[in-house]
Engineer: 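First the structure, then my questions, so here it is.
All values below were derived from every heavy atom in this structure, side-chain atoms included, with hydrogens, water molecules and symmetry-related copies excluded.
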Amino acid sequence: MRDSSSHRRAPHTLHRKAAAVALVGVSALIAAAVQSGAATAAPEKAPSAAGKVLPGAESLKLTPAQRAALIREANATKADTAKDLGLGAKEKLVVRDVVKDGNGTLHTRYERTYDGLPVLGGDLVVETTKSGATEGVVKATAKTIKVASVTPKVSAAKASAQALKAAQAAGAGKADTNRAPRKVIWAGNGTPTLAYETVVGGLQEDGTPNELHVVTDAATGAKLYEYQGIETGTGNTMYSGTVTLGTTQSGSTYNLTDGARGNHKTYNLNHGTSGTGTLFSGPDDVWGNGSASNLETAGADAHYGAALTWDYYKNVQGRSGIRGDGVGAYSRAHYGNNYVNAFWDDSCFCMTYGDGSGNTHPLTSIDVAGHEMTHGVTSNTAGLNYSGESGGLNEATSDIFGTAVEFYANNSSDVGDYLIGEKININGDGTPLRYMDKPSKDGASKDSWYSGIGSVDVHYSSGPANHFFYLLSEGSGTKTINGVTYNSPTSDGLPVTGIGRDKAEKIWFRALTTKFTSTTNYAAARTGTLAAAGELYGTTSAEYTAVANAWAGVAVGSRPGGGGGGTSFESTTDVSIPDNGAAVNSPITVSGRTGNAPSNLAVSVDIVHTYIGDLRVQLIAPDGTAYTLKAYGTGGSTDNLNTTYTVNASSEVANGTWQLRVQDNAAQDTGYINGWKLTFP
């Protein structure tokens, strides 16, 4: 029999636009997050004409064959690249992805091994010019990869037992380790360490498949890190009317195989929780009837969302499929019973949808598809660790591009907006699940960055990045877009002028694919998006300035030129920080204020140091109360700390002597307080 492609009309009214976020019965992940990933700043370039992309700066739309050829070339020269980068004799590079710009610049992403072991947190991106000269390198860790021995002192069995205990503590059911722990080098948040990585299977508390990764010190047995490999979300079926689906005909039977989009297939699990189930097929080319009771309806939804996501990435961002290799993922509908969730799983390269409460609201909306499949794109590009600040950025990336896919769909039954899940009524009162213009309106997400945000569940620590994206796209203040009224504030009280969603998407995607690494935190995301904007539009462009202003609007960094509004008090006196020694203080005297300090006191810190993970940084109020800005062990292996923290100091009298207290808690790295500033908005 001969296969032929067709486009099958699916008359159904689909609820669209769900929020892909785990809401029910899932414990917050441990958030001792990796927080590093310094990105190189873009070289200074003239602004583009009338806000257009600089000639040759934009990435090319590579065919799978062109991408494969570039990867072969990178593989052929990876030993020379490792030597040029000064890597040790035991270190080798593994090519992961490549992006090519119109001017010939290549951005090659590598994983790293040491003595044959994978280096977790050792990924890097090398930027080379058309002539082959290295122009910049972005590393997940700046530390030299070296360990005294690759022979563990504790057994793999002990690591496995610890991982099982961690999964059970998180509420996992039927937890099991179906494969032995593997030896790795852990370089994510400190000195490179020989470790075990154990993956725990089974089910999470809400029935989601479990893939908990636990990293254990192979010398002491101490747990170093953990993250959940299954990236989850929730939603509801949205009405999107009659849509066209890509299907395949074989003889007299049709099935949900999209030959135009990498042969993406959509399967019916029929309430099972494993395998692929059965490929949706039938004697006619009409799928579903708009009712959840018809199993084909959810299949049509899932297939449609996958097609839109594929088209967005290919037509807007120039990426052919999730991996960039032209191969389609697959979708599974009708997972479990009453399963109020949806998830992306790298191990099967697939998207899975539950049917919601009472099996009456399949989670097969466009937003869910865009959000969850973007987890796959992130996994195959930056690989942002799914915990702490990097996990929040991972989730935000999926929210950003889930929203982008929704706008791209241009469906008149449900126009694009910055409200996530406004139709699902998950709260029971008709309110949206999440708000990108002011994330805190959902009662859990954060509007702005602060020093402890890495300990928040990744679905809520995503708030500042979502807020940044909205501000960069649309600007601050009140406005109505597609019939929805927004009112986006800023943490510093100053306005932000948006540059439009299309440019904001382009900047974020370039940063994701060429600047972010597995350990990128909010500070590094600011650096990376500024670098991306500089390369695309020039470092003196309005777009570059808008990126800086939008980040300042969510308390990540300051306004260009030191702006920030309000009244500032500053110390420029250098204070040396003893290596692994006592805490040092740098004082500022505040006078002329009335009453208490504000709830959004801005503390701008400029510390020069070769390893900021060793530092504990505190603001000391006049009465001696200590506010921890950065805890010891956070910040990763990046150099220097130059950022602005927001502190709720409303219980403190404003006037008096405030101090910045810094202590180095580990040996071998040195630095000094270069200066700091208090700003009263």
Engineer: Between E395 and R434, does at least one N-O distance fall below 4.0 Å, as a salt bridge requires?
Structural biologist: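 Salt bridge: yes.
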Engineer: Salt bridge check: are E58 and K506 linked by an N-O gap of less than 4.0 Å?
Structural biologist: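 Salt bridge between E58 and K506, a charged N being under 4.0 Å from a carboxylate O: yes.
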Engineer: Do Y313 and T374 have side-chain atoms, one donor and one acceptor, less than 3.5 Å apart?
Structural biologist: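 Note: Y313 and T374 side chains meet the donor-acceptor criterion.
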Engineer: Heavy atoms only: give me the nearest H264-S331 pair and the separation to one decimal.
Structural biologist: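 Nearest heavy atoms, H264 then S331: NE2-OG, 2.8 Å.
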Engineer: Could R332 and Y353 be counted as a cation-pi pair, given that NZ or CZ must be under 6.0 Å from the ring centre and within 45° of the axis?
Structural biologist: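 Judged by the rule, R332 and Y353 form no cation-pi pair.
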Engineer: Got a donor-acceptor contact below 3.5 angstrom from the S59 side chain to the D101 backbone?
Structural biologist: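 Absent.
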Engineer: Decide yes or no for T520 and S390: does some side-chain heavy atom of the first lie under 4.5 Å from some side-chain heavy atom of the second?
Structural biologist: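 No; the side chains remain at least 4.5 Å from each other.
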Engineer: Tell me yes or no: between the side chains of K265 and T257, is some donor less than 3.5 Å from an acceptor?
Structural biologist: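 A pair is found: one side chain offers a donor N or O, the other an acceptor, under 3.5 Å apart.
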Engineer: Measure from the side-chain N and O atoms of E372 to the backbone N and O of A369, and report whether any donor-acceptor pair falls under 3.5 Å.
Structural biologist: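 No: the side chain of E372 does not pair with the backbone of A369.
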Engineer: Looking only at heavy atoms, which two atoms of D301 and T364 are closest? And how far apart?
Structural biologist: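 Closest pair (atom of D301, atom of T364, distance): CB-O, 3.0 Å.
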Engineer: State which residues pass side chain to side chain donor-acceptor pair (under 3.5 Å) with S461; sequence neighbours excluded, sorted by chain then number.
Structural biologist: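 S461 satisfies side chain to side chain donor-acceptor pair (under 3.5 Å) with no other residue.
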Engineer: Could you tell me whether a side-chain N or O of T113 sits under 3.5 Å from a main-chain N or O of L117, the two making a donor and an acceptor?
Structural biologist: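 Checking the backbone N and O of L117 against the side chain of T113, no donor-acceptor pair under 3.5 Å is found.
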Engineer: Using a distance-only test with no angle check, is there a side-chain donor-acceptor pair under 3.5 angstrom linking W508 and T529?
Structural biologist: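 No, no side-chain donor-acceptor pair sits under 3.5 Å.
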Engineer: Tell me, do V215 and L120 make a side-chain contact under 4.5 Å, heavy atoms counted?
Structural biologist: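 With C-beta onward as the side chain, the pair touches.
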Engineer: Examine the side chains of E389 and W449 and answer whether a donor and an acceptor come within less than 3.5 Å of each other.
Structural biologist: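 Distance-only check passes for E389 and W449.
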Engineer: State, to 0.1 Å, how close R109 and A382 come at their nearest heavy-atom pair, and which atoms those are.
Structural biologist: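 Looking at all heavy atoms of both residues, the closest pair is NH1-CA, 3.5 Å.
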Engineer: Look at the side chain of R526 and the backbone N and O of N521, then say whether any donor-acceptor pair between them is shorter than 3.5 Å.
Structural biologist: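 The answer is no, because no donor-acceptor pair under 3.5 Å joins these two groups.
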Engineer: Is the backbone of K143 close enough, under 3.5 Å, to the side chain of T141 for a donor and an acceptor to pair up by distance?
Structural biologist: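 Checking the backbone N and O of K143 against the side chain of T141, a donor-acceptor pair under 3.5 Å is found.
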Engineer: Where do Y418 and E474 land on the side chain to side chain donor-acceptor pair (under 3.5 Å) test, with the steps shown first?
Structural biologist: CA-CA 10 Å; Y418 296 94; E474 306 293 349; 2.5 Å; yes
Engineer: Please step through side chain to side chain contact (heavy atoms under 4.5 Å, CB included) for the pair R261 and D311, ending with a clear verdict.
Structural biologist: CA-CA 8 Å; R261 298 176 178 88; D311 289 352; 2.9 Å; yes
Engineer: Can a donor-acceptor pair be found, under 3.5 Å and without considering hydrogens, that links the side chain of Y114 to the backbone of K92?
Structural biologist: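 Checked: no pair found.
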Engineer: Shortest non-hydrogen contact from G557 to T643?
Structural biologist: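 The answer is N-OG1, 3.9 Å.
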Engineer: Check whether S462 reaches the backbone of A396 with its side chain - one donor and one acceptor, N or O, closer than 3.5 Å.
Structural biologist: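 Between the backbone of A396 and the side chain of S462 there is no qualifying donor-acceptor contact (under 3.5 Å).
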Engineer: Please check if any side-chain donor atom of S387 sits under 3.5 Å from a side-chain acceptor atom of N385, or the reverse.
Structural biologist: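 The answer is no; no qualifying pair exists.
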Engineer: How would you list, by chain and number, every residue that makes a salt bridge (Lys or Arg N to Asp or Glu O under 4.0 Å) with D97, sequence neighbours excluded?
Structural biologist: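 R67, R319.
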Engineer: Does the plane of the ring in Y225 sit parallel, tilted or perpendicular to the ring in W186? Use 30° and 60° as the thresholds.
Structural biologist: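 Rings of Y225 and W186: parallel, as their planes differ by under 30°.
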Engineer: Cut-off 3.5 Å, side chains only: do H107 and T513 have a donor facing an acceptor?
Structural biologist: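 No, because no side-chain N or O of H107 sits under 3.5 Å from a partner of the opposite role on T513.
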Engineer: For F469, does its backbone N or O pair with a side-chain atom of S473 as donor and acceptor, under 3.5 Å?
Structural biologist: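 The answer is yes, because a donor-acceptor pair under 3.5 Å joins these two groups.
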Engineer: Looking at Y196, does the NZ or CZ of K183 lie under 6.0 angstrom from its six-membered ring centre and within 45 degrees of the ring axis?
Structural biologist: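 K183 over Y196 ring: no.
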Engineer: Specify whether W344 and F349 have parallel, tilted or perpendicular ring planes, treating 30° as the upper limit for parallel and 60° as the lower limit for perpendicular.
Structural biologist: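 Answer is perpendicular, since the angle exceeds 60°.
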Engineer: With distance as the sole test, does E91 use its side chain to make a donor-acceptor pair with the main-chain N or O of G88 at under 3.5 Å?
Structural biologist: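 Yes.
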Engineer: Do K52 and Y537 meet the cation-pi criteria used here (NZ or CZ under 6.0 Å from the six-membered ring centre, within 45° of the axis)?
Structural biologist: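 No; the conditions do not both hold, so K52 does not lie above the ring face of Y537.
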Engineer: Run the side chain to side chain donor-acceptor pair (under 3.5 Å) check on E226 and H213 step by step: do they pass?
Structural biologist: CA-CA 5 Å; E226 73 175 49; H213 294 243; over 6 Å; no
Engineer: So, are K515 and E535 salt-bridged, with charged N and O less than 4.0 Å apart?
Structural biologist: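 A salt bridge links K515 with E535.
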Engineer: Over all heavy atoms of both residues, which pair between V547 and A533 is shortest? Give the atoms and the distance, please.
Structural biologist: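 Nearest pair, atom of V547 first, then A533: CG2-CB, 3.9 Å.
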Engineer: Just wondering, are more than 12 heavy atoms of other shown residues or ligands nearer than 6.0 Å to NZ in K83?
Structural biologist: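 No - once you tally the heavy atoms of other residues, nucleotides and ligands closer than 6.0 Å, there are 12 at most.
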Engineer: With heavy-atom distances below 4.5 Å as the criterion, would you say the side chains of V125 and T108 are in contact?
Structural biologist: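 With C-beta onward as the side chain, the pair stays apart.
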Engineer: Does a side-chain heavy-atom distance below 4.5 Å link V405 with T403?
Structural biologist: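 Side-chain contact under 4.5 Å: no.
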Engineer: Under 4.0 Å between a Lys/Arg side-chain N and an Asp/Glu carboxylate O for D115 and K146?
Structural biologist: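 A salt bridge is absent here (no side-chain N lies under 4.0 Å from a carboxylate O).
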Engineer: Could you tell me which residues satisfy ring-ring contact (aromatic ring centres under 6.0 Å, His included) with Y110, sequence neighbours excluded, listed by chain and number?
Structural biologist: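 With sequence neighbours excluded, Y110 shows a ring-ring contact (aromatic ring centres under 6.0 Å, His included) to no residue whatsoever.
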Engineer: Should the ring pair Y386 and H375 be called parallel, tilted or perpendicular, given that the plane angle runs from 0 to 90° and is split at 30 and 60?
Structural biologist: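 Taking H375 first and then Y386, their aromatic rings stand perpendicular (interplane angle over 60°).
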Engineer: Find out whether L54 and L536 are in side-chain contact, i.e. whether some heavy atom of one side chain is under 4.5 Å from a heavy atom of the other.
Structural biologist: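 Answer no - side chains too far apart.
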Engineer: Are N640 and H609 linked by a side-chain donor-acceptor pair shorter than 3.5 Å?
Structural biologist: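 There is no such pair (donor and acceptor under 3.5 Å, judged by atom type) between the side chains of N640 and H609.
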Engineer: Would you call T216 and P181 a side-chain contact if the rule is heavy atoms closer than 4.5 Å?
Structural biologist: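 A side-chain contact is absent here, since even the closest heavy-atom pair is not under 4.5 Å.
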Engineer: Please check if the side chain of N380 supplies one atom and the backbone of G376 the other of a donor-acceptor pair under 3.5 Å.
Structural biologist: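 A pair under 3.5 Å: yes.
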Engineer: Around atom NZ of K78, are there more than 12 heavy atoms from other residues, nucleotides or ligands closer than 6.0 Å?
Structural biologist: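 Yes, the 6.0 Å shell around NZ holds more than 12 heavy atoms from other groups.
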Engineer: For E135 and T128, run side chain to side chain contact (heavy atoms under 4.5 Å, CB included): C-alpha distance rounded to whole Å, both residues' side-chain angles, the deciding distance at 0.1 Å, then the answer.
Structural biologist: CA-CA 5 Å; E135 191 170 57; T128 54; over 6 Å; no
Engineer: So, do Q317 and R510 sit near enough that their side-chain heavy atoms are less than 4.5 Å apart?
Structural biologist: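 Answer no - side chains too far apart.
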Engineer: Side-chain contact, heavy-atom cut-off 4.5 Å: E127 with L106?
Structural biologist: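 They are not in contact (no side-chain heavy atoms under 4.5 Å apart), so the answer is no.
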Engineer: Taking NZ, NE, NH1 and NH2 as the nitrogens, is one of them in R112 or D123 under 4.0 Å from a carboxylate oxygen of the other?
Structural biologist: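 No, this pair does not count.
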Engineer: Give me the atom names and distance for the closest heavy-atom approach of L62 to S320.
Structural biologist: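 So the two residues come closest at O-CB, 4.4 Å.
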Engineer: Parallel, tilted or perpendicular: which fits the ring planes of Y312 and F401, with parallel below 30° and perpendicular above 60°?
Structural biologist: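 Rings of Y312 and F401: tilted, 30 to 60°.
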